[in-house]
Chemist: 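Got a structure here, written out as structure tokens. Questions coming.
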Protein chains: 2
Amino acid sequence: MSEQDLAAISQLRSSTMRLSRRLKHQRVEESLSPTEMGVLGTLARCGKATPGELARKEHVQPPSMTRIVAMLEEKGLVRREPHPEDRRQVVVSSTEQAETILAESRRRRNVWLAELAQGLDEEEWAVLREAAPVLYKLAHL
Amino acid sequence: MSEQDLAAISQLRSSTMRLSRRLKHQRVEESLSPTEMGVLGTLARCGKATPGELARKEHVQPPSMTRIVAMLEEKGLVRREPHPEDRRQVVVSSTEQAETILAESRRRRNVWLAELAQGLDEEEWAVLREAAPVLYKLAHL
DNA sequence: GATTTTCTTTAGCGAGGGTAATGACGTAGT
DNA sequence: ACTACGTCATTACCCTCGCTAAAGAAAATC
């Protein structure tokens, strides 16, 4: 790995950390923690999941996920149904209301990020626009 | 703003959030919270700062910073000296030990990220390498 | 010189996540 | 078939971390 590559890696790392910290402050639903938003996000992607699966995906311990799901259910953002085959398990799915909140949250962060990107000149933005799909792939490897 | 731009913004946002969440798990010093690491980072960059300045930079309230600095001092990662002109203030600076931890932490996250980047092909990595400085600029706007 | 402002610190509180233990249910072994 | 073990969700309890409010010391202002 070349010197240039290492420099790029380092810049990528620090930029990612810093940008995410600033994005985190752009919350639409103040009453929802980042992890709770994360749960809604994965539910939106996967459709439904058990608490155990959610805990693993969000890097949280099962008891914590139990509490998170309970709170989300109380707010009407999530449904809990018994698992069809395994009566130990529970199936969690998100509601319409959750989708709305999620969409609004994304929209707001996009607006904030777009405004920030105004500070780049045309050429820089072209570079970033090309890199976006690659970054997306990297994040999901 | 074009349709393409919006798509790029959205990808940038979600990739950033996801990558940072995964990077956060690559901690070298388990006993130090992200904010505490952030303080060490800004001290490394700025040399020295008062608790008030640190609080502003880390988006934390002054009382929280007081406790963070106290804990860091207890661990020998930070020094507190009286301010030369203003006896209300305190000047905080980082120690050698902090630099070591910081460097190790960066190194470890770089390694992790570099390994992840192995999953990209040559062309994709070239795009990202070019985008890294731009992303860095964006994060610091 | 008195008052106001600024900086740090102390005290107390609440959110959010973790571990240990429990209970209900499936699964394997004999 | 029945016992022992593993797994999933949950409950109970603790601990970390950040916040607000208030206090104390020092500077700035009038």
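The sequence lines fix the lettering, A, B, ..., with proteins before strands; numbering per chain opens at 1. Predicted model only: the values in this text are computed from it and were never measured.
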Chemist: Phosphate oxygens OP1/OP2 of C/dG16: is one of them under 4.0 Å from a side-chain N or O of A/Ser64?
Modeler: no
Chemist: Report which part of the nucleic acid B/Thr66 touches: base, sugar-phosphate, or nothing (heavy-atom distance under 4.0 Å, all strands).
Modeler: base
Chemist: Start at the 5' end of DNA chain C and walk down; is the nucleotide closest to A/Arg67 or to B/Gln89 reached first?
Modeler: B/Gln89
Chemist: On DNA chain C, check which nucleotide each of A/Leu32 and A/Pro63 is closest to and give me the residue with the more 5' one.
Modeler: A/Leu32
Chemist: Once you apply a heavy-atom cut-off of 4.0 Å, does A/Glu85 come out as touching a base, just sugar-phosphate, or nothing?
Modeler: sugar-phosphate
Chemist: Using a 6.0 Å cut-off, check whether atom CD of A/Glu73 has over 12 heavy atoms from anything other than its own residue.
Modeler: yes
Chemist: Tell whether B/Arg88 reaches the base of C/dT8 with its side chain through a donor-acceptor pair below 3.5 angstrom.
Modeler: no
Chemist: Any carboxylate oxygen within less than 4.0 angstrom of a Lys/Arg side-chain nitrogen, looking at A/Arg107 and A/Glu104?
Modeler: yes
Chemist: Dump the intermediate steps for side chain to side chain donor-acceptor pair (under 3.5 Å) on B/Arg13 and B/Ser10, then the final yes or no.
Modeler: CA-CA 5 Å; B/Arg13 173 191 48 74; B/Ser10 190; 3.0 Å; yes
Chemist: Just the rounded figure in Å: distance from P of D/dA9 to CD of A/Glu73.
Modeler: 14 Å
Chemist: Can you see if the side chain of B/Thr50 gets near the phosphate of C/dT8 - specifically, an N or O under 4.0 Å from OP1 or OP2?
Modeler: yes
Chemist: Quickly work out the A/Gln61 CD to D/dT10 P distance and round it to whole Å.
Modeler: 15 Å
Chemist: To the nearest Å, give me how far apart NE2 (A/His83) and P (D/dC8) are.
Modeler: 10 Å
Chemist: State whether B/Thr35 places a side-chain N or O below 4.0 Å from either non-bridging phosphate oxygen (OP1 or OP2) of D/dG18.
Modeler: yes
Chemist: Where the side chain of A/Val90 is defined as all heavy atoms beyond and including C-beta, which of C/dG17, C/dC25, D/dA9 is the nearest nucleotide?
Modeler: D/dA9
